[in-house]
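Because the structure is predicted, anything quoted here is derived from the model rather than measured. Heads up: numbering here begins at 1 and tracks the sequence.
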Amino acid sequence: MRVEETAVPGSYVVTPEQLHDRRGNFYEGLRTDLLEEVLGHPFTPRQINYSTSRRNTLRGVHGVACPPGQAKYVTCVRGALRDIVVDLRVGSPTFGRYSVRELDAASGRAVYVPEGVGHGFLALTDDTCICYVLSSTYVPGTQIDINPLDPDLALPWGFTEPPLLSDKDAEAPSVAQALSAGLLARRQEDSPRRVPL
C-alpha cells in the first residue's frame, strides 16, 4: 500500500498493491495501522456510507463543522469519478488549495480527507458508487456545504455539459459567504507525521 500526501496538507492518496491471478485480483482496501503511521494519530471508523450516481452528477463540496469534525476515507467501489479535496481550514497557509484525483473501482485507489477539508466528486460513469468510511457518526446540523461551482474556487471538474446538482448544492454558499458566516473550521496545529510507507 502506497500512501502519498496531496497538495492539501493532511490529505493522502492511498494506492493498494494488487495481487492478480487467473481468477481476478485481491487487495487491501484499508489498513488503519498503516494509515495511522502516516497520519500520526488514530483513524477509527464510526460510520460507512455509500452513494450511487449517474454520469455527470456533481456532489459536494461537503464537510462537517468542528466539533464534532469528521475525517473521511473515500473509495470508488463501482464505476469512476473525479475526486476533489479543498482546504477550507481557516488559518491554513493552503486555504483554498485543492487536489484532484480520478478514482475507479479497478485501481482501488482511495483518498483520505482530514477534518476541516471539503470534499466533492463528479461521476464519470453511470451507476458510479462511492464509499465513505467516516471517523464520526452523522450529527444533524453540523454539515458544511460549499457551492461546487463557486467561481472563486474555480475547481477543475472537467464536465462538458451542465452537471446534475442537488438543490442543496446548487444553493450552497460560496467560500467567501461561509467564511464571513463563521461556518468553516479553524486549522488545528499539525501533528507530527512519519515518512509515508
Q) Are Asp127 and Arg54 close enough for a salt bridge, meaning some N to O gap below 4.0 Å? A) no
Q) side-chain hydrogen bond (donor to acceptor under 3.5 Å, both in side chains) with Asp21: which residues, sequence neighbours excluded? A) Arg23
Q) Val100 and Leu153: same hydrophobic cluster, using ILVMFWY side-chain contacts below 4.5 Å? A) yes
Q. In this structure, are over 12 heavy atoms from other groups packed under 6.0 Å from Glu171 atom CD?
A. yes
Q.
Give me the atom names and distance for the closest heavy-atom approach of Glu102 to Arg109.
A. O-NH1, 2.7 Å
Q: Could you tell me whether the side chain of Trp157 and the main chain of Pro163 form a donor-acceptor pair under 3.5 Å?
A: no
Q) What's the verdict on salt bridge (charged side-chain N to carboxylate O under 4.0 Å, His left out) for Glu161 and Arg55, showing C-alpha distance, side-chain angles and the deciding distance? A) CA-CA 11 Å; Glu161 58 190 278; Arg55 188 190 67 76; 3.2 Å; yes
Q) Rounded to the nearest 0.5 Å, how far apart are CD of Gln70 and OG of Ser135? A) 5.5 Å
(Q) Quick check: closest heavy atoms across Pro16 and Gly108, and the distance to 0.1 Å? (A) CD-O, 3.5 Å
Q: Check step by step if salt bridge (charged side-chain N to carboxylate O under 4.0 Å, His left out) holds for Asp169 and Arg59.
A: CA-CA 7 Å; Asp169 286 344; Arg59 295 184 186 256; over 6 Å; no
Q | Gap between atom OG1 of Thr128 and atom CG of Asp104 - 0.5 Å precision | A | 10.0 Å
Q) Parallel, tilted or perpendicular: which describes the rings of Tyr112 and Phe43, with under 30° parallel and over 60° perpendicular? A) perpendicular
Q: Please report the closest heavy-atom contact between Val133 and Leu30, naming both atoms and the distance.
A: CG1-CD2, 4.2 Å
Q | Residue list, ring pair (Phe, Tyr, Trp, His ring centres under 6.0 Å) with Tyr73, at least two apart or on another chain | A | none
